[in-house]
Structures are given as C-alpha cells and as structure tokens.
Amino acid sequence: MGRKPRVEYKGEDIENGVKILAKLMRESANTVVLTGAGMDTESNIPDFRGKNGWWKSIDPRLVASIDSFYENYELFHEFYTTRIKRLEDIKPHEGHYILADFERRGIIKSIATQNVSGLHHMAGSKKVYELHGNIKKIKCNQCNHETELKDFFNKKNCSLCGNLLRPDVVLFGEALPADVWALAENDIRKCDLLIVIGTSLEVYPVNQFPKIAKSKTVFINNEDISFDHEFDIKLIGKAKEVLKMMPST
Ligand code: APR
C-alpha cells in the first residue's frame, strides 16, 4: 500500500508546501484564485466565522438577511452603516498586491471573491468576480437605481421610486448575481489550478467551487476545516504571510 502523498503543511514545514504550490503554479497554464474573508483580515477587516468574526457576536439572520431588511430596517441599516464606515480607511495588504502582480504577469487568470470590500480591485487586480457584491455600492432595493453612500447613511429613500436603499451585496436568502456567477464558474471549470484562500467554505453555493473544479486544488487558510473535498495540498497559515513566501519568479 503506497504512502498517501503529503497534503497538509504548517509551521516551519510550510515553506515546503509553498515550494509545491509554486511548482503547481509554474505547471499550470490557467490558474484561478477563490478568496474569502480570511484574505482581508490582515487589512483589519473582521471575518465572519473566525475567532473574532462578526457572526461570533451577531446572528446574521437578524442583520444580513433579506428578511432582516424587510422586518427590521433600523437594525439592518445600523449594521451595514457600521460595516461600511469601518472600511473607510482600509487598504489592501501585500497579499492583495501579490495577487494583482500575478495577474499582470499572466500567472493567474482571475479572482473569484466572496469579499465585498473591493480590496482586490484597490490593489490593481482587474479580473475580479465579486460573487457577493460590493458593500460600498448603494442601490434601491426595488428599482436598483444606484445612489451615493451618504444617501444610505442619511436614510434617504430612492429618489426615483421612493423605496428603501441598501448596499449592493448578496443578503442571506438572496441569489447570487447570475452573470458574475457564470463568469466565475466558467473560469473555474476551465482552470488547471484553483487556489482557495481564507474561507471557511461554509456558505453555499460558493463552497461548491472546489468540487466543480476539475483541476488541482490548493487550500490556504489559517485553520484547517473539514470540507467534503480533498485538496491536493493545504497550507495552514496566514494569507499575507504565505503569499509573501511565494517565489517572485
Ligand atoms: N489568513 C488565512 N486565513 C484566515 C485569516 C488569514 N489572515 N484570517 C481568517 N482566516 C480564516 C478563518 O479561520 C476562516 O476559516 O478564513 C476563514 C474565513 O471564513 P469566514 O469568516 O466564514 O468567511 P467566508 O468563508 O468568506 O464567508 C463566506 O459568509 O457571511 C457570509 O457573505 C459572507 O462572504 C461571506 C460568506
């Protein structure tokens, strides 16, 4: 019975895992990256299910679901106003810039992200699929008319139809934007290598992507998670630190 290949690398051993990841990237003609909130925590944005995550102290059904929008707009409005204001002076970290540089050099093709912070775009990544939207874009819940952040902060109603305003993000109980999903799914189905960074893979349907990919799959996360998919390799460490270890060649 042959030895099972090494899958998980962490601690001092993570350098060996990074070497294997670099080799997989060199051998891949088409690499796609999938990111979650763990990609943004080193830019001081809390994640959701990590030890200091949003959902450790707040029930998402009360503040981030379409029901909460209709049933308790006050609380919904307060939660998103707090989140948006906390993003006012955030900046991408080195890991975001490394991914943008990889795209410029043709090393990665695109990034599918669950994050609504816009940090990948801010770091210069061009092909970014914002699967859960962008929290700084404000729209009317009824007619989708886009308006400014200050109108949302000031609880203005839509200037066209008079309905309530909200961030252009996917709330629990809502479908993902079909056009963005299709683009991301198409890239992931065609890729040779899918690198998944900083996500608990707890939220459907994005958590299906590692299984949809026919490619080699790599998981970079600061904690191991039990997920019904066998990654080719897992690097247990912080996103920025692991990306900084990547060889620049
Ligand atoms: N480096 C690597 N991993 C990290 C880091 C880091 N610096 N910081 C946190 N993590 C890990 C956490 O341990 C956790 O396993 O990233 C993962 C983040 O998981 P979640 O908080 O569940 O975030 P995510 O998977 O993106 O959530 C998906 O859930 O609430 C919804 O819409 C929200 O898009 C979000 C979706």
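Just so we're clear, the structure is a prediction, and the values are computed from it rather than from any experiment. Just so it is clear, the values below take in all heavy atoms, side chains as well, and ignore hydrogens, waters and symmetry mates. Numbering of ligands and ligand atoms starts at 1, following listing order.
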Under 4.5 Å between any side-chain heavy atoms of [X] and [Y], yes or no?
X: Val18; Y: Met246; answer: yes
X: Asn30; Y: Lys190; answer: yes
X: Gln114; Y: Thr35; answer: no
X: His145; Y: Ser159; answer: yes

Can you tell me the protein heavy atom closest to [atom] and the distance?
atom: atom 8 (N) of ligand 1; result: Thr41 OG1, 2.8 Å
atom: atom 9 (C) of ligand 1; result: Asp47 OD2, 3.2 Å
atom: atom 10 (N) of ligand 1; result: Asn222 OD1, 3.3 Å
atom: atom 25 (O) of ligand 1; result: Thr199 OG1, 2.6 Å
atom: atom 23 (O) of ligand 1; result: Ala37 CB, 3.5 Å
atom: atom 14 (C) of ligand 1; result: Glu223 OE2, 3.6 Å
atom: atom 34 (O) of ligand 1; result: His132 ND1, 2.8 Å
atom: atom 16 (O) of ligand 1; result: Asn221 OD1, 3.2 Å

* Candidate with minimal heavy-atom separation from atom 18 (C) of ligand 1, of Ala239, Gly198, Gly50 -> Gly198
* Would you mind finding which of Ser200, Gly133, Ala64 brings a heavy atom closest to atom 20 (P) of ligand 1? => Ser200
Considering the heavy atoms of [X], write down every atom of ligand 1 situated less than 4.0 Å from one of them.
X: Gln114; value: 26 (O), 28 (C), 34 (O)
X: Val203; value: 28 (C), 29 (O), 36 (C)
X: Trp55; value: 30 (O)
X: Phe172; value: 30 (O), 31 (C)
X: Gly237; value: 1 (N), 2 (C)
X: Glu42; value: 1 (N), 6 (C), 7 (N)
X: Lys238; value: 1 (N), 2 (C)

* Trp55 ring center near Phe79 ring center (under 6.0 Å) -> yes
* Asked: So, for Trp181 and Tyr129, is the gap between ring centers shorter than 6.0 Å?
  -> no
[X] to ligand 1: N or O pair under 3.5 Å?
X: Ile220; result: no
X: Gly36; result: no
X: Ile225; result: no

* **Glu94 and its side-chain contact (heavy atoms from CB on, under 4.5 Å) partner, picked from Lys244, Glu42, Glu241** => Lys244
* Qualifying residue, where the test is side-chain contact (heavy atoms from CB on, under 4.5 Å) with Leu131 and the options are Val116, Val203, Thr113, Val180 -> Val180
* Asked: What residues form a ring-ring contact (aromatic ring centres under 6.0 Å, His included) with His77, not counting sequence neighbours?
  -> Tyr73, Phe152
* Single-linkage hydrophobic cluster Leu176~Leu183, side-chain heavy atoms < 4.5 angstrom -> yes
* Asked: So if you build clusters from Ile, Leu, Val, Met, Phe, Trp, Tyr with side-chain heavy-atom gaps below 4.5 Å, do Leu201 and Val218 land together?
  -> no
* Asked: Are the side chain of His93 and the backbone N or O of Met39 linked by a donor-acceptor pair below 3.5 Å?
  -> yes
* Could you see which bit of Arg49 sits under 4.0 Å from ligand 1, with heavy atoms only: side chain, backbone, both or neither? => both
* To do: Would you kindly specify which portion of Trp54 sits under 4.0 Å from ligand 1, judged on non-hydrogen atoms: side chain, backbone, both or neither?
  => neither
* Tell me, please: is Glu202 in heavy-atom contact with ligand 1, that is, under 4.0 Å? => no
* To do: Under the side chain to side chain donor-acceptor pair (under 3.5 Å) rule, collect the residues that match up with Arg166, sequence neighbours excluded.
  => Asn141, Glu174
* Salt bridge between Arg61 and Asp67, side-chain N to carboxylate O under 4.0 Å? -> no
